[in-house]
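What you see is a predicted model; the values in this text were computed from it and never measured. Side chains included, hydrogens not; waters and symmetry mates left out as well; all remaining heavy atoms used.
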Amino acid sequence: MKKLIMAVEGEKKRFALLKDAFRQKGFSVKMIPVRELTLFTDAKGSRIRASSLRSFKGAIYLETPLKLTQFVEPLLDEIDRAGFYCQLKKGAYYIGSNELLQLSVLNNYNIKIPRTMIFGSLEQIKNFAEKFSYPVVLKVYRKGEKIQSVIAKDANELVSLAERTQGDNAIVREYIAGEVDHCAVIGNKVFNLKRAVKEDGLNLQPLKKAISAKLSKTEEETAIQAASVCGCDVATVKLCKGFVLKVKPYVNMLVFTKKTGHSLFEEVAELFSEKLGGA
């Protein structure tokens, strides 16, 4: 029997359904709090200290909120060293939690992203405000965390917003108008929910009002590649008109299952089964 550890923190209902899907696929599953996978470091190096992993041979499904990135990343490094299959590769949470880094990674792999400028300080924006095509999206960060995301319709509004916001750095991104595709990438499969634009022509309807929609082959390939270069076999990729807007290292399986009619819990279990050599 294939063995699997679910090291998770977050929505209990979703993880319970995923655990059932793994069991139905023939896995022996143990679900533990991710914090139980304590790292121990000494002169001999780092290693995971957890009774659950003693003599363990199998796979690990790992998922936590992005706020635990600093804890998760050393774990991913040790999981990789130990040779366990995990749907996340080392670096996935660093990339997922740092939008500036993620834009750089996507750009380095020639993945289509909106025209973006990164500013080391908000004061610099004033010197470039007239050079943008509007509207644009202004995202402001403080101590590495995003504190504001707003659409500016013209140069005066952009400068005013920058002057009124207390942040360390920012990005100004071309606003791609139109519906946004939320792509759930599970290995080489893509399931899509399309979010419509509100009547104001700028903001989007909530995800709960999204509808299942077919993507083109090119869009599916873009979503899969974006997830892959960000270190994820399971991810949510946001697309608009072929541009990648964001990649998250997890999927809202409850919403996607309800909206698409496909059990993403079963799809994830199938992915893990394939990675461990099938039935």
In the single-linkage hydrophobic clustering (I, L, V, M, F, W, Y; side-chain heavy atoms under 4.5 Å), do [X] and [Y] co-cluster?
{"X": "Phe128", "Y": "Ile151", "answer": "no"}
{"X": "Leu103", "Y": "Met117", "answer": "no"}
{"X": "Ile111", "Y": "Ile224", "answer": "yes"}
{"X": "Phe191", "Y": "Leu254", "answer": "yes"}
{"X": "Ile211", "Y": "Val255", "answer": "no"}

Output the distance between atom [atom1] ([X]) and atom [atom2] ([Y]), rounded to the nearest 0.5 Å.
{"X": "Arg142", "Y": "Leu122", "atom1": "CZ", "atom2": "CG", "answer": "10.0 Å"}
{"X": "Asp181", "Y": "Leu215", "atom1": "CG", "atom2": "CG", "answer": "5.0 Å"}
{"X": "Phe15", "Y": "Phe265", "atom1": "CZ", "atom2": "CZ", "answer": "9.5 Å"}
{"X": "Glu221", "Y": "Glu219", "atom1": "CD", "atom2": "CD", "answer": "10.5 Å"}
{"X": "Ser97", "Y": "Lys248", "atom1": "OG", "atom2": "NZ", "answer": "12.5 Å"}
{"X": "Gln148", "Y": "Gln166", "atom1": "CD", "atom2": "CD", "answer": "11.0 Å"}

If you look at every heavy atom in [X] and [Y], which pair is closest and at what distance?
{"X": "Val140", "Y": "Gly167", "value": "CG1-CA, 3.8 Å"}
{"X": "Cys183", "Y": "Ala223", "value": "CB-CB, 4.1 Å"}
{"X": "Leu88", "Y": "Leu62", "value": "CD1-O, 3.4 Å"}
{"X": "Phe71", "Y": "Val34", "value": "CE2-O, 3.7 Å"}
{"X": "Val29", "Y": "Lys19", "value": "CG1-CG, 3.8 Å"}

Check: [X] side chain, [Y] main-chain N or O, donor-acceptor pair, under 3.5 Å:
{"X": "Thr64", "Y": "Glu9", "value": "no"}
{"X": "Thr222", "Y": "Thr218", "value": "yes"}
{"X": "Arg195", "Y": "Ala210", "value": "no"}
{"X": "Asn108", "Y": "Ser104", "value": "yes"}
{"X": "Glu73", "Y": "Gly91", "value": "yes"}
{"X": "Ser160", "Y": "Asn156", "value": "no"}
{"X": "Thr69", "Y": "Leu66", "value": "yes"}
{"X": "Lys259", "Y": "Lys208", "value": "yes"}
{"X": "Glu179", "Y": "Ala196", "value": "no"}

Test log, rule side-chain contact (heavy atoms from CB on, under 4.5 Å), inputs Ile95 and Val247: CA-CA 9 Å; Ile95 296 171; Val247 180; over 6 Å; no

Using the six-membered ring wherever Trp is involved, compare the ring planes of Phe272 and Phe27 and label them parallel, tilted or perpendicular (cut-offs 30° and 60°).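 Phe272 and Phe27: perpendicular rings.
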
Is the ring pair Phe132/Phe119 parallel, tilted or perpendicular, if the boundaries are 30 and 60 degrees?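 Answer is perpendicular, since the angle exceeds 60°.
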
Any side-chain heavy-atom pair of [X] and [Y] under 4.5 Å:
{"X": "Asn169", "Y": "Ile118", "result": "no"}
{"X": "Tyr141", "Y": "Leu100", "result": "yes"}
{"X": "Leu207", "Y": "His182", "result": "yes"}
{"X": "Ile171", "Y": "Glu99", "result": "yes"}
{"X": "Val8", "Y": "Leu18", "result": "no"}
{"X": "Glu63", "Y": "Arg14", "result": "yes"}
{"X": "Lys139", "Y": "Val137", "result": "yes"}
{"X": "Phe84", "Y": "Ile5", "result": "no"}

[atom1] of [X]: more than 12 outside heavy atoms within 6.0 angstrom?
{"X": "Tyr134", "atom1": "OH", "value": "yes"}
{"X": "Asp154", "atom1": "CG", "value": "yes"}
{"X": "Glu130", "atom1": "CD", "value": "no"}

Report the C-alpha distance between Leu106 and Cys230 in whole Å, list the side-chain angles of each, state the deciding distance to 0.1 Å, and finish with yes or no for side-chain contact (heavy atoms from CB on, under 4.5 Å). CA-CA 8 Å; Leu106 293 170; Cys230 290; 4.0 Å; yes

Using distance only, find each side-chain donor-acceptor pair of residues 232-246 under 3.5 Å and give its atom names and separation, not counting sequence neighbours.
from, atom 1, to, atom 2, distance (Å)
Asp233, OD2, Tyr85, OH, 2.7
Asp233, OD2, Lys89, NZ, 3.0
Thr236, OG1, Tyr250, O, 2.7
Lys241, NZ, Ala177, O, 2.8

Taking Lys25 as the fixed residue, which of Glu270, Glu267, Glu266 is the one that meets the salt bridge (Lys or Arg N to Asp or Glu O under 4.0 Å) rule?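 Option passing the salt bridge (Lys or Arg N to Asp or Glu O under 4.0 Å) with Lys25: Glu270.
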
Run Tyr93 and Leu68 through side-chain contact (heavy atoms from CB on, under 4.5 Å) and show every step you take. CA-CA 9 Å; Tyr93 260 60; Leu68 293 181; 5.9 Å; no

What do the steps show when you test Leu138 against Ile125 for side-chain contact (heavy atoms from CB on, under 4.5 Å), and what is the final call? CA-CA 10 Å; Leu138 169 66; Ile125 292 176; 3.8 Å; yes

